[in-house]
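Encoded as structure tokens, the structure appears first; notes follow it.
Indexing begins at 1, ligand by ligand and atom by atom, following the structure's order. Numbering of residues begins at 1 and proceeds along the displayed sequence.
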Amino acid sequence: MNKVPNHVAIIMDGNGRWATNRGLVRTEGHRKGAYMLEKLAVHILNTGTKYLTVYAFSTDNFKRPETEVTFLMNLFIKMFKSEMDNIIKNDIKVVFSGRKENLRDDVLEAMEYVSNKSKNNKKGILNICLNYGSQEEIVDATKKIVKDVQDGIINIDDIDKEMYYKYMYKDLPPIDLMIRTSGEQRLSNFMLYQLTYSELYFTDTYFPDFDEKEYDKAIDAYNNRDRRFGKIKDGSENK
Ligand code: IPE
Ligand code: IPE
Ligand code: MG
């Protein structure tokens with residue numbers, strides 16, 4: 001039987017190279033990538049996976065040329081305001097992870113808009129990481145924990161590894177399968193805490209070409225992995 005990962009994460013990489021290889025401007029790759037995300041999110045959350053986390057824009061992506069950053073921010077607004085009908089129709093709830101600081105008001109407003117519009121949806125959760133950095137997330141969580149200790153809401157001895165999840169930008173379960181497109185094999189400051197026992201799948205395919213068929217190949221690979229979580233294979237356990 002096919003195992004369905006509960007939480008899938010994707011580093012949607014290679015938009016720029018997809019476009020450059022076709023003699024197009026990089027931004028065309030971002031446009032195509034955004035279109036692919038919409039289709040893919042519906043497919044993935046229709047296979048029984050409950051959570052899909054995608055890396056859309058890292059805190060470090062602000063270091064790119066201003067024209068590319070502006071294009072991406074405008075693309076996000078357009079997507080969130082008018083191009084997520086299919087996602088909403090498919091009963092998917094959209095949430096965001098990342099820092100609000102440095103994001104334009106109109107971007108924040110578009111994020112708010114799609115979050116609100118989809119807030120009662122139940123089939124699955126699409127977590128979009130925008131202005132996201134994982135070390136930043138862990139630092140921000142730690143500050144919130146320290147504050148709650150200072151305010152007497154929790155005791156220092158209550159802090160454990162499960163509690164950290166509750167203080168992350170979004171309280172979502174650990175990631176089971178992490179996919180990175182475009183051939184790069186690195187994490188680029190993505191979900192360092194939540195990937196602890198995740199299976200990692202790397203493909204040379206650029207994100208604008210990473211369609212449902214390509215995703216199903218990742219699921220096949222996932223099904224051939226043996227997840228041991230530190231135990232041994234025969235299933236015997238020292239409890
Ligand atoms: C991923 O594609 C999208 C973002 C980081 C916003 P890239 O823009 O990184 O594409 P490449 O890696 O340069 O090809
Ligand atoms: C990671 O990709 C961020 C996103 C996909 C949004 P990058 O293209 O920014 O990562 P590096 O620079 O290759 O590590
Ligand atoms: Mg890249």
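In this structure, Tyr55 has no side-chain hydrogen bond (donor to acceptor under 3.5 Å, both in side chains) partners at least two apart in sequence or on a different chain. Residues satisfying the ring pair (Phe, Tyr, Trp, His ring centres under 6.0 Å) criterion with Tyr51, sequence neighbours excluded, are His7.
Ligand 2 does not have Lys63 within reach: every non-hydrogen atom of the residue lies 4.0 Å or more from it. In this structure, Glu184 falls outside the shell of residues with a heavy atom less than 4.0 angstrom from ligand 2. At least one heavy atom of Arg64 sits closer than 4.0 Å to an atom of ligand 2.
Around the Mg ion (ligand 3), the protein contributes the following N, O or S atoms at distances under 2.8 Å: Asp13 OD1.
Residue Met12 touches ligand 2 through its backbone alone, judged by heavy-atom distances below 4.0 Å.
At least one N/O-N/O distance between Gly16 and ligand 1 falls below 3.5 Å.
Within 6.0 Å of NZ in Lys100 there are 12 or fewer heavy atoms belonging to other residues, nucleotides or ligands.
In summary, the aromatic rings of Tyr193 and Tyr164 are positioned with their centroids under 6.0 Å apart.
A cation-pi geometry, defined here as NZ or CZ lying under 6.0 Å from the six-membered ring centre and within 45° of its normal, does not hold between Lys170 and Phe96.
Each of the atoms 5 (C) of ligand 2 lies under 4.0 Å from some heavy atom of Ile11.
When only modelled atom types and interatomic distance are considered, Ser182 and Arg17 share a side-chain donor-acceptor pair under 3.5 Å. No hydrogens or angles considered: nothing links the side chains of Asp176 and Tyr197 as a donor-acceptor pair under 3.5 Å.
Compare Val54, Leu130, Asp13 by their heavy atoms: the one nearest to atom 8 (O) of ligand 2 is in Asp13.
For atom 13 (O) of ligand 2, the nearest protein heavy atom lies closer than 4.0 Å.
The side chain to side chain donor-acceptor pair (under 3.5 Å) contacts involving residues 32-45 comprise His43-Asp216, where partners must be two or more places apart or lie in separate chains.
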